[in-house]
Undergrad: 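Dropping the structure in here first, questions after.
Computed over heavy atoms, backbone and side chain alike; hydrogens, waters and symmetry mates excluded. We count ligands from 1, going down the list as the structure has it; atoms in each ligand are counted the same way.
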Amino acid sequence: MLIRRPHLRGIPSSEITPEGLYHNRREFLKTVAVGLAAAAVTTILPASALAAPAPEAARLRGKYDTDEKLTPYENVTTYNNYYEFGVDKEDPSNNAKNFKPRPWTVSVEGLVKKPAVYALDDLIKGFTMEDRIYRMRCVEAWSMVIPWLGFPLAALIKRLDPLPSAKFVEFKTLYDPNQMFEQKRPLLEWPYTEGLRMDETVNPLTLMAVGLYGKSLPNQNGAPFRLVVPWKYGFKGAKSVVKIRFTDKQPRTAWSVANPSEYGFYSNVNPEVDHPRWTQSRERRLGEFFPRKTLMFNGYGDYVASMYSGMDLKKYF
Ligand code: MTE
């Protein structure tokens with residue numbers, strides 16, 4: 001993972017949800033979210049949502065939302081890591097334009113009662129799409145605040161009904177070198193793979209996202225379906241997931257296979273465990289000049305620290 005300065009390329013204004021409009025619409029969204037799930041992946045919002053009367057400006061914050069300033073849509077969608085589309089931050093937004101996130105299937109495998117290949121719409125049918133503002137911290141020491149749209153992974157786990165022997169969940173992403181040219185090179189072990197321990201998958205913070213800023217996920221952010229785990233470094237957030245496998249063994253993960261001394265399985269944000277090549281105690285929020293202090297578990301300790309009690313987090317980094 002290389003460090004580059006943010007590249008703020010202009011994108012068509014039609015692609016951008018202005019932040020003010022987003023904030024008002026967010027309240028509206030809350031009232032229409034139920035039932036949108038089936039439509040979510042294709043359009044997320046009916047066009048009429050934009051024109052709907054905006055409720056009062058006061059923002060009702062959800063339990064898990066941060067009230068920090070949102071990172072502008074331009075940064076969120078042009079400063080990306082998605083190695084299948086190139087290794088520089090601006091590559092994914094430039095190179096993923098023709099990627100086809102539809103139709104999309106997800107194969108559910110392993111120690112689970114309902115294994116099958118599901119059409120994405122069927123897999124997520126009936127789930128309430130929630131609008132969650134999360135702080136995201138990348139291992140490369142930059143961070144963002146992103147308004148995701150998605151549903152708790154716990155709901156999907158419940159629907160799929162894992163066997164008691166399942167201890168971990170592996171997420172595999174799309175392997176399609178014809179669409180993802182970098183998969184023709186052995187940059188990483190393809191397809192990009194991530195994993196979580198079972199209790200981490202059902203933690204209420206863990207989301208499967210289908211959108212951000214109230215719109216469908218842009219290709220470069222992992223369309224149509226990606227993992228978001230806000231207390232872990234960004235690379236845990238596997239993009240364009242096509243396989244969910246329940247297993248009794250800790251899964252291999254793309255970065256820990258590539259460089260086991262630098263990237264561990266847990267990858268919890270931890271200011272006390274430095275990356276071998278740089279400090280993890282500070283971060284630079286995109287759009288800000290002065291660095292900030294990085295918070296343990298990215299500030300989500302109240303919700304997640306108990307999952308790791310008794311573990312040596314220097315060893316299980
Ligand atoms: N998923 C896939 N399939 N391929 C990738 O290269 N990069 C990861 C993660 N998910 C990656 C991926 C890394 S290193 C980061 S920091 C986040 O995606 C970045 O997500 P964002 O571009 O939406 O901010």
Undergrad: Can you tell me which portion of Met136 lies within the under-4.0 Å heavy-atom range of ligand 1? Options are side chain, backbone, both, or neither.
TA: neither

Undergrad: Knowing that exactly one of Ile157, Leu156, Ile244 qualifies, which makes a side-chain contact (heavy atoms from CB on, under 4.5 Å) with Thr201?
TA: Ile157

Undergrad: Is the shortest N/O to N/O distance between Asn80 and ligand 1 below 3.5 Å?
TA: yes

Undergrad: If we set the cut-off at 4.0 Å for heavy atoms, which region of Glu140 has an atom near ligand 1: side chain, backbone, both, or neither?
TA: neither

Undergrad: Under 6.0 Å between ring centres, would you say that holds for Trp142 and Tyr79?
TA: yes

Undergrad: Given Trp142, Tyr263, Phe235, identify the one with the heavy atom nearest to atom 14 (S) of ligand 1.
TA: Phe235

Undergrad: Considering both backbone and side-chain atoms of Tyr79, is one of its nitrogen or oxygen atoms within less than 3.5 Å of a nitrogen or oxygen in ligand 1?
TA: no

Undergrad: Heavy-atom distances under 4.0 Å decide this one: backbone, side chain, both or neither, for Tyr82 against ligand 1?
TA: both

Undergrad: Compute both the distance and the angle, then confirm whether Arg185 meets the cation-pi test with Tyr83: under 6.0 Å from the six-membered ring centre, within 45 degrees of the axis.
TA: no

Undergrad: What I want to know is whether Lys239 and ligand 1 share at least one N or O pair that is separated by under 3.5 angstrom.
TA: yes

Undergrad: For the residue pair Lys315 and Tyr266, would you count it as a cation-pi contact if the rule is NZ or CZ under 6.0 angstrom from the ring centre and within 45 degrees of the ring axis?
TA: no

Undergrad: Any idea which of Phe171, Trp190, Tyr192, Tyr233 brings a heavy atom closest to atom 12 (C) of ligand 1?
TA: Tyr192

Undergrad: Under 4.0 Å, heavy atoms only, figure out whether ligand 1 is touched by the backbone of Thr173, its side chain, both or neither.
TA: side chain

Undergrad: Might you confirm whether atom CG of Asn98 has over 12 heavy atoms from other residues, nucleotides or ligands at distances under 6.0 Å?
TA: no

Undergrad: Hey, is Gly237 one of the residues with a heavy atom under 4.0 angstrom from ligand 1?
TA: yes

Undergrad: Where does the angle between the aromatic ring planes of Phe85 and Tyr82 fall among parallel (under 30°), tilted (30 to 60°) and perpendicular (over 60°)?
TA: perpendicular

Undergrad: Measure from NZ or CZ of Arg135 to the centre of the six-membered ring of Tyr300 and say whether it is under 6.0 Å with the direction within 45° of the ring axis.
TA: yes

Undergrad: Can the ring centroids of Trp255 and Tyr233 be said to lie less than 6.0 angstrom from one another?
TA: no

Undergrad: Which atoms of ligand 1 sit under 4.0 Å from any heavy atom of Cys138?
TA: 16 (S)

Undergrad: Look at the aromatic rings of Phe225 and Phe151 and report parallel, tilted or perpendicular, splitting at 30° and 60°.
TA: parallel

Undergrad: Taking distance alone, with N or O pairs closer than 3.5 Å, would you say Ile146 contacts ligand 1?
TA: no

Undergrad: Enumerate the atoms of ligand 1 whose separation from the nearest heavy atom of Gly234 is less than 4.0 angstrom.
TA: 9 (C), 15 (C), 16 (S), 17 (C), 18 (O)

Undergrad: Taking distance alone, with no angle check, do Tyr83 and ligand 1 share an N/O pair under 3.5 Å?
TA: yes

